[in-house]
A.B. asks: 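Okay, here's the structure, questions in a sec.
When reading the values below, keep in mind they use all heavy atoms of this one structure, side chains included, and skip hydrogens, waters and symmetry mates. All chains are named by letter (A, B, ...) in the order of the sequence lines, taking the proteins before the strands, and each is independently numbered beginning at 1.
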Amino acid sequence: MSDLLAKLNTEQLQAVTLPPQHALILAGAGSGKTRVLTTRIAWLLSTGQCDPAAILAVTFTNKAAKEMHARLGALLPINTRGMWIGTFHGLCNRLLRAHHRDAGLPQLFQILDSADQLAAIKRLLKALNVDDEKFPPRELQHFINAQKEAGLRPAAVDVWDDYSRRRVELYQEYETQCQRESVVDFAELLLRTFELLERNEPVRRHYQRRFRHILVDEFQDTNRLQYRWLKLLAGGEPPACLFCVGDDDQSIYRFRGAEVGNMRDFEREFQVTGVIRLEQNYRSHGNILDAANAIIRNNSARLGKNLWTEAGAGEPIRIFEAFSDSDEARWVVDEIQQLVRDGALRADIALLYRSNAQSRVLEHALFSAGIPYRVYGGLRFFERQEIKHALAYLRLIANPDDDTAFARVVNFPTRGIGARSIEALQDAARTWSTSLYATVPHLGGKPGTVLAQFVRLIEELRRETARLPLPELVDHVLDRSTLRDHYKSEKEGRERLENLDELIAAAANFTAEAQAGAEALAADHALLADFLAHASLEAGEHQADQGMDAVQLMTVHAAKGLEFDAVFVSGLEEGLFPHENSILESEGLEEERRLMYVAVTRARQRLYLSFAQSRMLHGQTRCNLRSRFLEEIPAPLARWLTPPKPRGGPGGGYYEPPRGAFAPRAQPAAAQALPGGLRVGQLVRHARFGTGVIIAAEGSGSDARVQINFGDAGIKWLLLGVAKLEACA
DNA sequence: TACGGCATGCTTTTT
DNA sequence: GCATGCCGTA
């Protein structure tokens with residue numbers, strides 16, 4: 001035990017050994033947050049203050065949950081069974097399965113991931129003949145999820161006009177559809193569990209009594225409902241101790257409903273007195289931390305924190321100005337080659353960007369130079385088309401009322417069931433109020449129809465697989481559904497076939513782990529239902545060749561929680577980073593700044609920041625001002641690899657490229673001065689549209705046009721000869 | 001029913 | 001620039 005505590009600094013020690021009380025730990029980037037959480041649990045257990053079963057640890061990602069498990073396993077000799085460690089959604093799933101009756105759900109309910117949910121909404125709109133121009137499915141999805149996160153069922157949502165009334169009706173219809181199909185979306189997992197705990201006193205009491213210590217990771221990312229969920233669970237008599245760890249400066253998921261305000265509310269509502277700040281950073285050199293501190297200081301409404309390190313100042317931050325996005329990419333490649341020549345591991349180098357679209361140019365340059373790289377993000381295993389199709393068959397076996405799954409594979413591989421027949425089926429299903437699957441027998445009653453054959457196929461599958469072990473079950477379904485044959489005959493099907501085999505392997509893996517957990521298999525296909533839940537809740541690792549020494553490419557969001565020896569942050573331009581959609585409101589801008597803070601604090605030793613004068617974006621060349629975040633870095637911390645010029649100065653002229661390699665092929669159009677003394681990046685006023693920023697220019701003479709972002713009034717192309725533009729200071 | 005051609009429209013995305 | 005989505009034709 002004393003070894004355990006010996007490695008901690010004063011604040012960490014203080015946090016780990018806090019007496020049973022509510023606690024808020026402000027854990028800066030690289031300050032040993034995970035260590036504090038796991039050591040806290042280990043300390044509680046090894047000092048006999050509580051039993052493993054009294055511990056509930058909540059994380060946001062499966063990865064974090066797994067890591068916590070692994071670290072605890074290493075820390076503690078005793079087994080950690082009985083402890084509940086998982087994601088909010090995973091824990092809710094567990095609770096709802098255990099109390100499905102009380103929650104009003106069948107035991108084998110299915111979980112919809114975001115894509116499934118969207119598909120279900122589209123299907124609903126079609127069935128109800130709703131104009132999807134008026135109610136775009138994505139917006140409706142967002143609306144529904146926002147209501148659920150606010151804890152509001154349709155009856156509780158305010159309406160004020162026809163539109164809002166109709167929207168709530170659709171929310172209600174969606175709910176009805178989900179209930180009929182026995183499916184539950186991500187937000188529903190949380191809300192349903194919340195309501196279960198709130199309304200069912202015995203169940204609530206049981207868990208309130210059981211969980212004495214609730215520990216929350218990444219608390220700044222909790223949404224409103226998750227906060228209330230925690231509050232409810234911890235609110236027993238006597239209350240449980242809530243130990244929340246987070247960093248308000250790293251809250252970058254506001255757009256998804258995360259509420260940094262939860263930290264303040266927690267402090268107030270739970271009367272947390274001694275907030276503990278972990279400010280000593282074990283990751284980065286001083287210059288990097290000083291830059292991060294300087295940047296984040298520009299945000300208001302912070303809980304306040306300043307990172308420091310015992311490591312030296314280290315190297316200056318390197319800043320590079322490129323002519324274009326491709327020049328920037330070539331420079332990055334050049335620097336990477338230099339780093340590798342100097343002995344760096346490619347896997348310790350990260351290339352970060354604000355949005356995924358930026359990866360293409362970088363990938364191209366890396367590929368041309370023959371540098372191995374790995375892109376994070378994109379499709380994950382369980383999100384692949386072929387896997388989704390296979391899962392849909394499996395879902396129909398477990399739950400024939402799952403209309404999303406039905407619609408997905410009823411004609412895949414094609415068996416001559418067209419849109420017509422599906423529409424007729426959907427209409428019939430509506431009148432009968434039954435699932436698509438259950439409607440088929442009602443339809444005309446001809447057993448020979450292709451639809452009836454499809455239903456028979458599923459039924460046979462269910463019978464044939466009832467006693468099969470999960471991997472064989474999957475294998476069998478792949479054959480009988482002819483999915484495998486389909487991809488065998490497809491030109492590009494090789495990889496898909498491999499993925500289908502991988503699905504069998506995943507099933508085998510899952511079975512092995514479930515058996516190790518010795519979970520009783522009550523019903524036929526119970527393990528299948530668990531496997532399907534697992535597939536929805538954990539989309540699988542991002543595609544990546546493990547173990548290869550490759551440069552890591554990812555968005556800044558994806559980089560949160562990771563660290564690298566050398567980090568490149570590219571595209572530091574106004575409109576890109578900070579993103580133009582966030583620039584106009586201060587809340588948005590502050591989130592962008594936190595994103596920048598996250599990006600900077602990923603670096604251990606070396607940080608490169610770059611921007612380009614011109615960049616291809618949305619199919620057109622744009623010229624952006626360099627990011628304001630660069631200006632927020634104190635000059636002594638940085639070394640410009642290109643001569644710094646006044647920001648947004650009048651072109652400034654070109655300088656000689658340092659190594660001759662980056663000579664611009666063509667002058668970026670908008671670097672030239674425009675008629676009337678205007679330039680790209682300049683703030684202008686227009687009589688009708690108000691104030692805007694010039695973001696691009698093209699043409700000359702009487703054809704000269706400029707593109708202006710007027711914020712609320714949108715982005716417009718205006719002819720300089722026609723539009724009256726007034727330059728603002 | 002299936003595929004090809006054109007128009008459209010774009011952040012970030014733990015679950 | 002690219003991917004998605006809708007519509008028209010074989």
A.B. asks: Under 4.0 Å between a side-chain N or O of Lys63(A) and OP1 or OP2 of dT15(B)?
C.D. replies: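 So the side-chain polar atoms of Lys63(A) never come under 4.0 Å of the phosphate oxygens OP1 or OP2 of dT15(B).
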A.B. asks: Is Arg360(A) near enough to dC2(C) that one of its side-chain N or O atoms lies under 4.0 angstrom from OP1 or OP2?
C.D. replies: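 Yes, because at least one side-chain N or O of Arg360(A) sits under 4.0 Å from OP1 or OP2 of dC2(C).
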A.B. asks: Between Ser359(A) and Asn356(A) (side chain of the first, backbone of the second, donor and acceptor by atom type, cut-off under 3.5 Å), is there such a pair?
C.D. replies: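 Checked: pair present.
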A.B. asks: What does Glu149(A) touch in the nucleic acid at a heavy-atom separation under 4.0 angstrom: a base, only the sugar-phosphate, or nothing?
C.D. replies: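 Nothing, no nucleic acid heavy atom in range.
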A.B. asks: Think Thr555(A) has a side-chain N or O under 4.0 angstrom from the OP1 or OP2 of dT13(B)?
C.D. replies: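 Result: yes.
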A.B. asks: Using the six-membered base ring of dT15(B), report whether His89(A) stacks on it, requiring centroids under 5.5 Å and planes under 30° apart.
C.D. replies: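 Ring-base stacking flag not set for His89(A) and dT15(B).
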A.B. asks: Taking for each residue the nucleotide of DNA chain B bearing the nearest heavy atom, is the 5' side occupied by Ser355(A) or by Gly90(A)?
C.D. replies: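 So the residue in question is Ser355(A).
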A.B. asks: Of Val183(A), Leu196(A), Val184(A), which is the lone residue that meets side chain to side chain contact (heavy atoms under 4.5 Å, CB included) with Leu105(A)?
C.D. replies: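 Between Leu105(A) and the candidates, side chain to side chain contact (heavy atoms under 4.5 Å, CB included) is satisfied uniquely by Val184(A).
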A.B. asks: Fit a plane to each ring of His389(A) and Phe412(A), take the angle between them on a 0 to 90° scale, and name the class: parallel (under 30°), tilted (30 to 60°) or perpendicular (over 60°).
C.D. replies: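 Correct class here is parallel.
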A.B. asks: Quick check for you: among dT13(B), dT11(B), dA2(B), whose closest atom lies nearest to any side-chain atom of Thr414(A)?
C.D. replies: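 Nucleotide nearest to Thr414(A)'s side chain: dA2(B).
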A.B. asks: For dT4(C) versus dT13(B), give the span between their P atoms, rounded off to a whole number of Å.
C.D. replies: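 Roughly 16 Å separates the two P atoms.
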A.B. asks: Just to be sure I understand the rule, does Ser582(A) reach a base, reach only the sugar-phosphate, or reach nothing, if contact means heavy atoms closer than 4.0 Å?
C.D. replies: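 Base, at least one base atom sits under 4.0 Å.
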A.B. asks: Within the pair Asn411(A) and dT1(B), is there a side-chain N or O less than 4.0 Å away from OP1 or OP2?
C.D. replies: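 The answer is no; no side-chain N or O of Asn411(A) sits under 4.0 Å from OP1 or OP2.
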A.B. asks: Salt bridge between Lys388(A) and Glu383(A), side-chain N to carboxylate O under 4.0 Å?
C.D. replies: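 No.
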A.B. asks: So, Phe255(A) and dT12(B): ring centres less than 5.5 Å apart, planes less than 30° off, yes or no?
C.D. replies: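 So Phe255(A) counts as stacking on the base.
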A.B. asks: Which is true for Ser114(A) with a 4.0 Å heavy-atom rule: it touches a base, it touches only sugar-phosphate, or it touches nothing?
C.D. replies: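 Base: the residue Ser114(A), judged by heavy atoms under 4.0 Å, touches a nucleobase.
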A.B. asks: Could you tell me whether the phosphate oxygens of dT12(B), OP1 or OP2, come under 4.0 Å of any side-chain nitrogen or oxygen in Asn356(A)?
C.D. replies: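 Yes, Asn356(A) has a side-chain N/O under 4.0 Å of OP1/OP2 on dT12(B).
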A.B. asks: Between dT15(B) and Arg256(A), counting only base atoms on the nucleotide and side-chain atoms on the residue, is there a donor-acceptor pair under 3.5 Å?
C.D. replies: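 Side chain to base: pair found, below 3.5 Å.
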A.B. asks: Have a look at Phe88(A) and say if it touches a base, only the backbone sugar-phosphate, or nothing, with a 4.0 Å heavy-atom cut-off.
C.D. replies: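 Nothing, no nucleic acid heavy atom in range.
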A.B. asks: Taking all atoms of both residues into account, what is the closest heavy-atom pair of Met68(A) and Leu37(A), and its distance?
C.D. replies: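 Scanning both residues completely, I find the closest heavy atoms to be CE-CD1, 3.9 Å.
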